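Structure first, then comments.
Only a predicted model underlies this, so the values are computations on that prediction, with no experimental measurement involved. Below, chain A is the first sequence line, B the second, and so on; all start at residue 1. Excluded from the calculations below are hydrogen atoms, water molecules and symmetry mates; all remaining heavy atoms, backbone and side chain alike, are included.
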Amino acid sequence: MPDAPGLELIRGEIERDHPGSVLATSFDRAQAALVVDPAQILTVLSWLREEPGQSYRFLSSLHVADYLPAAPRFGVHYELLNRDRVERLRVKAMLVDPAAPALPTIDSCVELFPTAEAQEREAFDFFGIVFRNHPDMTRILLPDDYVGWPQRRDFPVGGEPVTFTYNEHTYG
Amino acid sequence: MEVERRSLSSKQASARQMLRGDLEGEDLDRYVEERVVTTTFEKMLNLARANSIFPLTFGLACCAIEAPISVVTARYDLARFGAEALRASPRQADLIILSGRVSIKMAPVVRRLYDQMLEPKWAISMGACSSSGGMFSNYAVVQGADKFMPIDLHIPGCPPRPEAVMYGFSKLQRKIIGNADQGWRQRYNAAGTEEWARGGPASAPSPEAAEAYEAAREISLA
Amino acid sequence: MAELTQDRATEVMTVNIGPHHPATHGVLRLIVDLEGEVVKDLKPVIGYVHTGIEKSCEDKSYWKVIPFVERMDYVSYFFQMEAYCGAVERLVGLEIPPRAKYLRTIFLELNRIHSHLVWLGTTALDLGAISMLWYCFRERDRILDLFEMAAGQRMHTRYFQVGGVIEDIPLGFEKKLREFIADMPVRVGQYQALLDRNEVFLSRTKGVGIVSRERLLELGVTGPLLRAAGEPWDLRKAFDYLAYPEVDFQIPVGTVGDNYDRYRVRVAEMVESTKIVEQALDLMEEGPFIADDRKYVLPPRSELSTSMESLIHHFKLVTEGFRVEPGEVYYSIESPRGELGCFVLADGSSKPSRVHFRDPSFVNLQAFKDMAVGSYIADMIASLGMLDPILGGVDR
Ligand code: SF4
């Protein structure tokens with residue numbers, strides 16, 4: 001992990017090349033994270049990948065978290081890894097939830113990191129986040145005709161109540 | 001009743017004829033009684049069926065490591081019960097072990113596999129998940145496989161030990177020998193549900209097919 | 001007429017394999033375009049055991065999540081537990097005592113051997129070597145006996161706990177374990193004697209399913225697949241977790257990156273794992289097996305009848321669970337299939353707000369197309385076995 005000052009240095013360097021792309025940094029529980037502007041996510045990722053001093057060339061994981069009551073609701077997380085220095089860096093893009101039928105969108109990073117293909121499909125499947133320019137933006141784990149985005153926080157867990165003798169009458 | 005008894009004793013008499021050697025009188029009677037069992041053809045058939053089950057090579061999740069794989073290996077050795085010949089095609093199998101959780105995406109596939117198996121067929125639901133949904137009470141898992149297909153036997157556990165599977169297995173054998181009433185299959189619409197070619201997209205079955213279906217149903221419910 | 005036969009020869013046939021197919025190691029479905037017997041294109045369809053575990057975890061308090069995450073990748077359950085417990089420990093800032101570190105290392109490595117045994121048995125079975133299945137499962141049952149001795153269950157042991165392990169190992173465990181790790185390298189030698197000079201096995205694995213190391217890295221593939229292509233990348237060495245920095249072991253790597261290398265790397269890993277277990281066993285000393293922080297860890301049973309305070313802690317932990325300050329952690333370990341990462345997001349309540357697993361099989365499966373396209377369909381089955389995807393982990 002880059003330490004807290006190292007993280008600020010990275011931020012400074014990106015800001016120098018691409019002003020306004022990094023919105024904030026956080027260093028929490030020894031893990032460094034950059035919060036970036038979703039419109040410029042590809043710029044930041046390719047900078048981190050290509051810049052000689054950085055070369056975060058391995059995308060470990062791409063996942064989404066739903067911070068429901070918070071204002072930009074969805075966070076798309078990119079866990080980057082520099083295998084030479086053995087450092088991890090998390091890049092977060094916070095997406096606003098648009099009004100009902102529209103879905104939050106962000107650029108796909110499949111061109112940069114081919115490994116993201118399945119993981120972006122998974123994010124679409126569970127959270128309804130559309131990755132622009134993804135080669136095949138379809139459901140991956142759920143059936144094709146499934147309706148809803150099940151891992152959003154406002155989606156019910158589902159399942160069935162179990163009828164024990166004490167609640168038999170309620171659920172019959 | 002009279003008729004039956006007479007026919008029984010005549011059968012025994014002919015057996016006696018066949019086995020007659022040097023024995024005479026009471027000795028011969030004991031000899032025959034010890035060696036000859038008279039039974040009906042159906043019972044004989046059930047005995048044979050129960051001891052030569054062909055399970056389907058089919059695994060869904062965690063339980064699959066224990067049931068179709070572990071129980072056939074050396075330590076547990078399901079071959080002792082005559083069921084080691086796993087069949088990869090549902091057409092050749094007569095037992096399906098639902099070993100694991102059935103997701104909403106898999107449920108139609110499982111039902112189709114069950115339908116493709118030929119009568120007589122049995123189904124074991126292994127583990128908490130396929131019996132009741134288990135701990136996964138959520139949007140993705142079917143809460144109990146008997147929602148969409150008839151199950152003959154549930155084996156509890158998460159995962160059940162191979163010993164439990166074998167115990168359940170011998171229970172199933174007794175059930176087959178006892179030729180339990182299969183009327184409950186009717187409720188699931190599962191008697192004689194072999195597939196047939198349909199007339200058109202999502203149309204009713206063709207008259208011949210419906211006729212064959214009714215005939216098959218009558219036979220299996222008789 | 002001649003034209004017609006020409007057409008027939010190059011005609012592409014699309015074949016559906018699965019989701020019920022004995023060679024897919026679960027419920028994977030493959031849509032394969034074949035030209036004759038050669039695979040032209042291939043698309044895996046997954047999701048047939050999607051269980052919604054990540055969603056269910058959001059509904060449970062932190063310590064009740066452990067049995068859920070175990071059931072994702074069902075042949076390496078200890079790794080799931082470690083990834084999750086490790087992530088929560090990093091969230092709450094809990095140190096685990098040295099004995100727990102060693103115990104966890106021992107069980108993880110035993111689980112790695114177990115996982116590779118299941119892989120070896122079933123994959124050799126796919127290639128027609130049925131006797132491997134009996135031999136591998138003979139040793140697997142010995143490992144499961146050890147698990148059962150320590151935790152009471154063969155699979156899904158729920159042995160790791162936030163803060164350490166749930167119970168100390170019982171008397172007699174160490175003796176049995178030492179017997180096992182003395183035997184295991186001999187057994188591995190026997191497997192190799194069976195397979196390494198088996199002409200059928202060699203000709204079906206050598207030179208098949210080669211993917212270059214750069215391509216594998218692009219696709220995010222980790223674990224034995226990557227190491228077989230010659231990249232010595234192992235999180236056990238790269239990061240510092242549990243007792244791995246203190247034990248001495250090597251990382252086997254391949255040269256070509258074909259299926260034969262994949263087999264050799266995994267078999268060599270089994271031997272290395274026994275070495276790790278042995279050293280951890282030697283280094284382990286008596287001491288507490290779980291951290292002594294009553295906010296997160298259940299008090300010992302014996303205290304419940306004497307101390308009111310312990311009773312309150314116990315009641316609080318069992319009913320509500322512990323609360324975790326808001327924050328997020330990504331913690332990754334080396335599972336038998338590669339990098340297993342766990343992301344936990346805490347929102348201040350006693351339930352995690354998101355638990356996500358970066359499952360190695362899910363990511364590695366993307367390399368399957370590169371491995372299989374252009375080869376024969378029979379080799380595709382071999383490559384799938386050598387890829388070793390566990391569908392429970394892929395679909396979660
Ligand atoms: S019952 Fe338990 S072991 Fe079996 S599939 Fe379900 S979770 Fe897995």
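With a 4.5 angstrom heavy-atom cutoff, Ile53(C) touches chain B via backbone and side-chain atoms both. Proximity to chain B is limited to the side chain of His156(C), based on heavy atoms less than 4.5 angstrom apart. The contact between Leu60(B) and chain C is made by backbone and side chain atoms together, counting heavy-atom distances below 4.5 Å. Both the backbone and the side chain of Ala61(B) come within contact range of chain C, each with at least one heavy atom under 4.5 Å from a heavy atom of that chain. Within the 4.5 angstrom heavy-atom criterion, only side-chain atoms of Leu56(B), from C-beta onward, approach chain C. Interface remark: Arg71(C) contributes backbone and side-chain atoms alike to the contact with chain B (heavy atom separation under 4.5 Å). Using a 4.5 Å cut-off between heavy atoms, Phe58(B) contacts chain C through both its backbone and its side chain. Only the side chain of Phe137(C) comes within contact range of chain B, with heavy atoms under 4.5 Å apart. Interface remark: Ile130(C) contributes no atoms to any contact with chain B (heavy atom separation under 4.5 Å). Neither the backbone nor the side chain of Tyr77(C) comes within less than 4.5 Å of any heavy atom of chain B. In this structure, chain C has no heavy atom under 4.5 Å from any part of Cys63(B).
The shortest distance between side-chain heavy atoms of Pro19(C) and Lys105(B) does not fall below 4.5 Å.
Using modelled atom types, no side-chain atom of Ser103(B) and backbone atom of Thr51(C) make a donor-acceptor pair closer than 3.5 Å.
In terms of heavy-atom pairs under 4.5 angstrom with chain C, the leader among Thr57(B), Asn138(B), Val109(B) is Asn138(B). Highest contact tally toward chain C, considering only Ser89(B), Ala64(B), Ala88(B), is held by Ala88(B) [criterion: heavy-atom pairs under 4.5 Å]. For the set Ser70(B), Gly59(B), Cys62(B), the count of heavy-atom pairs under 4.5 angstrom toward chain C peaks at Cys62(B).
Using the six-membered ring where Trp is involved, Phe68(C) and Phe136(B) have ring planes that are perpendicular, over 60° apart on the 30 and 60° scheme.
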| task | Output, in order, the C-alpha distance, side-chain angles, deciding distance and verdict of side chain to side chain contact (heavy atoms under 4.5 Å, CB included) for Ile65(B) and Arg140(C). | result | CA-CA 11 Å; Ile65(B) 309 267; Arg140(C) 171 186 181 257; 3.2 Å; yes
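Counting non-hydrogen atoms of other residues, nucleotides and ligands closer than 6.0 Å to OH of Tyr167(B) gives a total of 12 or fewer. No more than 12 heavy atoms of other residues, nucleotides or ligands lie within 6.0 Å of CD in Glu167(C), so this atom counts as exposed by the packing criterion. No more than 12 heavy atoms of other residues, nucleotides or ligands sit less than 6.0 Å from atom OH of Tyr135(C).
Proximity to chain B at a heavy-atom threshold of 4.5 Å picks out Asp145(C), Glu148(C), Gln153(C) from residues 145-153 of chain C, in numerical order.
Every residue meeting the ring pair (Phe, Tyr, Trp, His ring centres under 6.0 Å) condition with Phe160(C), not counting sequence neighbours, appears here in chain and number order: Phe78(C).
Nearest heavy atom pair, residue Gly52(C) against residue Ala140(B), reads N-CB, 3.9 Å.
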